[in-house]
Every structure is written in C-alpha cells, then in structure tokens.
Amino acid sequence: MLDNKYNINEKEAKWQNFWQEKGIYKFDKNSNKPTYSIDTPPPTVSGELHLGHISGFTQADMMARFRRMQGFNMYYPLGFDNNGLPTELLVEKKKNIRAHTLPREEFTKIALDLVSTYNQNYRDMMVKAGMSCDLSLGYNTIDDKSQKTSQKSFIDLARRGIAYREDKPGPWCCKCRTSVAAAELEDKELDSIFNYLNFRLADGSGTIPIATTRPEFLPACVGIFVNPEDDRYKHLIGKKVKVPLFEENEVEVRADAKVGIDKGTGIVMCCTFGDQTDAEWWKEYHLELKRAIDDGGKMTEIAGKYAGMKSIEARKAIIEDLKDQGYLYKQDPITHAVKVHERCDEPIEFLSKKQWFIQTSTPELKQKWIDLGNELVWHPESMKARYIAWVSILNQDWSISRQRYFGVPFPVWYCNNCGKVKLAEINELPVNPLTTNPTSHCDCGCNEFTAEQDVMDTWATSSVTPQINTNWAEDEQESNAKMPMSMRFCGRDIITTWDLRTIIKSYYHQGCLPWKELLVNGWVMADKGVKFSKSKSNSKVSLTDAIRDYGADVIRYWCANGAYGRDVMFSDTGLKDGYKLLNKVWNASKFVLSFLYDYTPEKPENILPMDKHIMHKFNECFEKTYKFYEKVEMGYAKDEIEKFFWYFCDNYIEIAKNRLYKPEVYGEQAKKSAQWACYNVLLHALQLLSITMPHITEEIYQEYFKQFEKIESIHLCELNKISVEAEQNILANGDIVVDIVGRVRQFKSLNQLSMKTEIEDIEIFCNEIEFVKSCEADIKAVASVKNIKYTTGEFDVKIGKVVEQ
RNA sequence: GGGAGUUUAGCUCAGUUGGUAGAGUACCUGCCUUACAAGCAGAGGGUCAUAGGUUCGAGUCCUAUAACUCCCACCA
C-alpha cells in the first residue's frame, strides 16, 4: 500500500541511495547489450550549481534514461573539470592567496584539497537532482589519467609538427598574467576618450593629425599608416614622423588598405601591440618590436619617465603631458567595445611570447572542420550554423600555453646547448618536467635541459574527454573500437571552444568524429535576455531550496519544458504544474492500486471495450512519446505522457471505479477486466514517466509492480507498448463514449448540478450504436443515467429529466 | 556591417506535409463526487509583430520592415 501522502524529500533520498547501493546505473563491461556512450561534459568546478547547470544536465539525463530503457548498456560518466585558470582563480579567491607568490607544489596541494571538496558538493547535487550517471566512471581533468591523455595528445601533435612553438603576438591578460585564446574573449562596452594628436614631420614641414584612445602606446609606436586611396595623405607616404613625447623616435608613413579613410583622422599609428591589426602590420612590414607594457600591465623602461606605472595611470599622465606640450588639440568622449578576458573581465593586451600552438586555421583544415561538423548529427539542427560560422572566420591557430601554475604541464624540456625541444616518452607519462629530467640525451649530446614552465590551457585537456573516456592513453585499439562515442551534450556557449576543439583532437588522433550526436541545450533565463547565473545574483530560486521545496522530480519536469535547444524563462508556475502532476500520479496510483490487492497476472478471457480503448489510447501515446525521444525532444515527450495521464484519470478511472467498487452489481468479470487494464496502463505509463520523474515512479513500482515484474528497478525495465489485440476503430469508438459522458457532464455543469445528479433518461444519436451499447453499463454508471435510448444519426446527446431527490 | 534565433490568449509556451487557431496557467461560473479542493465539470478570452506577395485557401511558403536576444566583425 502506498503512503497516504508522498513525502518527497524522504523518498527521493531513499531511492537515490538504493540506486547507488544496487549499482542500477552501472556500466556493465561484460554485457552483450549494445553500448550507448555519453561524453558528459565535466562541469567546471567553481562556486555552486544552479538551475541553469542542472537544466542542461537534466535534459541529457532524460535521453540517457530513455536509451537505458531502450535496452542500451549505458556508459554515462560524471567527470569534473578542475585544472587550469578557472580553478586557479577559484582557489585564489576562496583561500585569499596568489598563485604566483607560492611555490607551485604548495599551491597545487591547496588547490587539489579545495577541488575535492567542491567535487563532492557537485556530485551530491547531481545525485540529488536525479542524474543517472555511473559515478564510478568519474574523472578529474587534473588526475593522472587525464594528464597522461592530455600529454600524450600533445606529444603526438608535437611529433607530427601539428603542435609548434612560436613567438607571436596574441591576446594576453595582465591580471591573470597569462596568454588567452581568442575564443576566451568577450566584448565589453567601456567609456573612453578619442585623443586627437599632432605628430610632427621629421623634415619640419608641418604636422599630421592622428586620433588614439591608447596614447600610452606612444613609446611603442613603430609606424604610421594611411589608406593608399586617401588623396589627403598620399604625399605623406614614405615620410618620417616624430613620435610625440618620444621625439627621438622617428617612424615611417606607409600605405595599407586596412586603414579606414573615414575613421578617426584617417591616419593610424601602429604600436606593438595595440590590437590585432597592429600585430598583422608588424608582421607584414617587418616592423621593430617595442614592448611598452609588461606581463603585469605596467609600463616598461622604454616608456621613460612613465616606466613602472600601470598602463591606465600612464595614459592619464601622458595625456597631461601631451596637453602641456601642445600635441593634443581635441578630445572626444566615446563608448567603444573593448575585448576583455571572460574569466576576469579585464581588458586584454596583445603581447608577444613564445607559445605552443596547434594548427587549426589553414583553409584545408577549416574545410575539414566544416566537413566533420556536417557529418555530426546536431540537436537542434540550427545550432550547426553557429559552428560553421565560427570555423569559417577562424584565422588564428589555437594557443595552448598558459603562463599559470595549476594545470597539466607540457611534457617538454629545451636543450641548454642547442635549444632543441625534448619531448617526454609516452611510457613515462604523466610527467612534470620541473621535477623530472628526460631519460635520454639531446641529439646534440648535451644532457642539460631547461623545463617548460608553462601549463596547458584548460581546453587542451577538456578537448580529450572522449579519449579519456575510451582509454586512448593506455590502449589505442580499445579506444578506436569505442570511437566515436554516441553523444555529447553541452550549452550553446561552448560550441566554439569545447566542441570544435574536441572535434579537432579526435580528428588528429583517431581520424574520426568524437561523437555521433551533439545535443545543444538552451539557457535558463532569469529575465528577458539575462542568463541565469550565480555570479549575477539573479538566481531567484537556489537549486538547494528548489529541491527541498519541490523535489528533484518536479525540477526535472520543469527542465523538460519546451522545444529542445531554446532558451527558457524561469517561472515558478512551471514548478507548480510539475507538483500538480506529481500529486496526481501519487493519488491516482494509490487509488488504482487499492483495487489491485487481489490482482492476478492472468489475462482475463473477456476484456471490456472501454478497457481495450484505454490500452490502445496508451499505445498511441507511447508511439508519439517514443518518437519525440528519438528526435531528442524531451519536452514534447513529457507533454504527451502528461496529457495521457490526466486523460486516464479523468476519463478512464472514473469509468473503471464503478466496476472495481461494486463487482456485485457489475460482475466479477467486469472487475477483472478493469484490473487488467489498470495494471497495464499504470505500469506502462509509470515507465514512460520515469524518464522525467524517476523517484516517485520508482517508489510506486517498488511498492507494487516489482512483485510481478521481477526487474530490480523501474529504470531497468524495457520500454514497450501494452500487448493488446488490434481492433478496428477502437480508438474512434471509445472516443464517442467519452464524448457522450462529456455531454452529460456539460449539461450538469451548465445547469449548476452536482456530477452525481441522476438523469432519468438520455437519447444518443450516432452511427456506432452497436459499440456504444456494449459500453452501456459504463456510461450509465459514470454519467448517473437510468435509461438510454439509441437513434442512428449524426452524433448528438439529448438529456432528459433530472431525477428529483 | 555579416550571420543566427525569437515575436501566437493577461502569463509561460505548443502549432509537423499550407486546410475551421491549441495546452497549461490566470480570470469567471458551478460542483464537498466514497484517490486527489494542490481536485472535478464548464464558460469567456487571440487583427498569429507590421506591410506586401504566391495560392481556391497562409500562423505555416516568399519579400520587405520593426522590436528583442545571441554569435562574429569593427575597436586606430
């Protein structure tokens, strides 16, 4: 017997423990079932999980549960991403320390310690939210296996020349003191000032006007550019110009089509490096390299009296001096978009450093990425456009060096004699070059090496999760057999970072796609256009509170809303809807099961028409639901089963309950028939519902159905239709009976009568009199009608007199 | 400037191949009916963003416009 009231928190915890203890979600190595493998994106460990995270995971979990119930052996791990800059920043913030002020070993120890606490919290929350991952398959991107995989990946690419080391300008974050990748930049609107300066021509023939927002770059000015088509300035090409405040520096005026004639004054100064264009000009025209800003964002010695100042202070001081010395003739306040580092929101600089890169941007490679993108199955399809668009404009190789501390080290040394790169041997991995020496001499005979100090970018490791999952570092054959994995899911914000790079790595190492299908979920919006985010403190409902108040089943119900891949607005009426369904499922099950205490699993000889009808009705719902899951539309699938459940309660149970209550009136056979239908419909409906609401359905299954079904958990049952003989027109004919009952209910409602009010007689007009007659007892009982008259004709129901009380 | 998405009932959202506009919720009217009042039955409510076009017929297809969102480019 089910409890009178369903205690959400108690039951959810109970079944979560049960699933873990019994290993319900464990991957079975020895199974002969087909494997369905999920490359679960390891969440970045930072702060607290919120509804936004859980939403994407929950939708993917529904697909996992669907595949499991289709009979797949699920490989569904839960890893954590906890190396690299994001984790380092978290550790610095939580422990109030700075990584670069501590010995690396010490910092790493503190970081690992903090990370394990966070991992545990994340894992607990995932379990509490009802995820069906196999927790024993977890990994951390900082653990030995991940490091080994990541380092092997690097060595493979370095040996083939795909990974290369070069000194070239790239985005640099002065706050985090590291290089960053183009994909890690965001735009931010900032107020600034356009400063109009007069540069003096070296021959004394006058001045030329140049506008700049970054006058602190004057000491690094290495050239002046005008547009070759600009008639105003053609005569300047080839002339020398003195740099204001640094007049000992003379630079040449050159012509380049990249200069916008109508921008600023139409004359640009090129500094190393103010931005991407400066870097391009510097390379193209072989200009001098002058560094005005150091790693930490302070002015270098070439800035003379400004050296040591932070760039922003130097800007103020330089502007004052420019004013005093008469160079500055105009200032316009402007707002412009500045590239900032997504992790810390600080504007980035362009600096030149020796870095490791991975080739990604030749036209042939770009075409390859596009071909692979087209080969991949995208859900929803429209997300592919974002990927293609991004790949099409790729113009830089992937920088993977980070001048940080907590991450996977490069397995690399440099020969002190000839400078040649020395790679570690694969069987030595994972290796930390700072504490280990190479096991062999350099080719030049030298045995003295300098270790690479940098660590790899987070993405360099996160991009090999399919290789971590398929054991590529240990056994390439095993891995090749398991690749591509079945599915990866993620948010739409990481298509260009994570997904693309994972595709790149799998192609380079194994010549295939990392996965067959990619699911891209939408975002939970707190308000129009505002992403749900802990840091923006707009989480109206904390995940912990929501689980406490509504339970995981209801939150999962909410997560399943709408079309897959679309952004959804958070609303608590959605949670209330879920709660209503939960309540309904409980009450209906409680009620139905109370009549099944003497149920026997033998199929009755005679099944009554309305019982057949509801079973066929379920099968119709089953087919629709199943198709939606196959199309990765969890929301529509949930709608179908939900709609069916309410129909089952409002129309079928009302009919069946008379027969179940009073076998002495309607006959034992009629009761057995209703029991058969109730058992089958409720069981099958719960199975479909278990994908969305795994806890309550498990409770009901365990309390009653397991004794007959013998399968250990509802989540291991296979999804099937109810086995019931096909019958001509059963759906349409049964619907007529439901409509007849509906007409009587409408009559009572319009006349403000109670539903139990008895009606003396009704007259039914329809063309399926035979069928309707066969349901006469049900109709009379549920509609409280004494006599029925039948007439052939267009459907109608005439209601007679009400029986006076 | 380029690309993608969105616009349907007060609110949240469905609407498949073009064929009489849907659900839930809210509001309103009834109903204590022996699972559930967090329930049941019923009613009202829409110029499908705007303007054109194709068609016998357009929420759906085409063109343009507007508003909002996102990605990219611009950043001198």
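Below, chains carry the letters A, B, ... as their sequence lines are ordered, and counting in each starts from 1.
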Dot-bracket for RNA chain B, 5' to 3', with Watson-Crick and G-U pairs under 3.5 Å, [ ] for crossing pairs and | for other-strand pairs: what is it?
(((((((..((((.....[..))))..((((.......))))......(((((..]....))))))))))))....

Please tell me if A:Thr213 has a side-chain N or O lying less than 4.0 Å from either OP1 or OP2 of B:A76.
yes

With a 4.0 Å cut-off on heavy atoms, is A:Arg492 in touch with a base, just the backbone sugar-phosphate, or nothing at all?
sugar-phosphate

Within the 4.0 Å heavy-atom criterion, would you say A:Val592 contacts the bases, only the backbone, or no part of the nucleic acid?
nothing

Using whole Å, report how far CD of A:Glu640 lies from C1' of B:A14.
11 Å

Using heavy-atom distances to pick each residue's nearest nucleotide on RNA chain B, tell me which of A:Asn587 and A:Asn651 is more 5'.
A:Asn587

Does OP1 or OP2 of B:G15 have a side-chain N or O of A:Tyr636 closer than 4.0 Å?
yes

So A:Trp586, base contact, sugar-phosphate only, or nothing? Heavy-atom distance under 4.0 Å.
nothing

Which nucleotide in the set B:C40, B:A76, B:G24 lies at the smallest distance from any side-chain heavy atom of A:Ile334?
B:A76

Is a salt bridge present between A:Lys662 and A:Glu664, judged by a nitrogen-to-oxygen distance below 4.0 Å?
no

Among B:G39, B:A76, B:A14, the one nearest A:Ala563 by side-chain distance
B:A14

When A:Cys649 and A:Asp567 are each assigned the nearest nucleotide of RNA chain B, the 5'-most assignment goes to A:Asp567

Which part of the nucleic acid, if any, lies within contact of A:Asp577, taking any heavy atom under 4.0 Å across all strands shown: a base, the sugar-phosphate backbone alone, or nothing?
sugar-phosphate

Counting the atoms with a prime plus P, OP1 and OP2 as sugar-phosphate, which does A:Ala389 contact under 4.0 Å by heavy atoms, base, sugar-phosphate, or nothing?
nothing

May I ask you to decide if the ring planes of A:Trp281 and A:Phe225 are parallel, tilted or perpendicular, using 30° and 60° as cut-offs?
parallel

Tell me whether the side-chain N/O atoms of A:Gln746 come closer than 4.0 Å to OP1 or OP2 in B:A43.
yes

For a quick check, with a 4.0 angstrom heavy-atom cut-off, what is the B/S/- contact string for nucleotides 4-10 of chain B, read 5' to 3'?
--S----

Pair A:Asp567 + A:Arg492, salt bridge at N-O below 4.0 Å:
yes

Name the nucleic acid region contacted by A:Trp558, choosing base, sugar-phosphate or nothing; use a 4.0 angstrom heavy-atom cut-off, strictly under.
nothing

With sugar-phosphate meaning primed atoms plus P, OP1 and OP2, does A:Asp650 contact a base, only sugar-phosphate, or nothing at under 4.0 Å between heavy atoms?
sugar-phosphate

What is the nucleic acid contact for A:Lys339, judged by heavy atoms within less than 4.0 Å: base, sugar-phosphate only, or nothing?
base

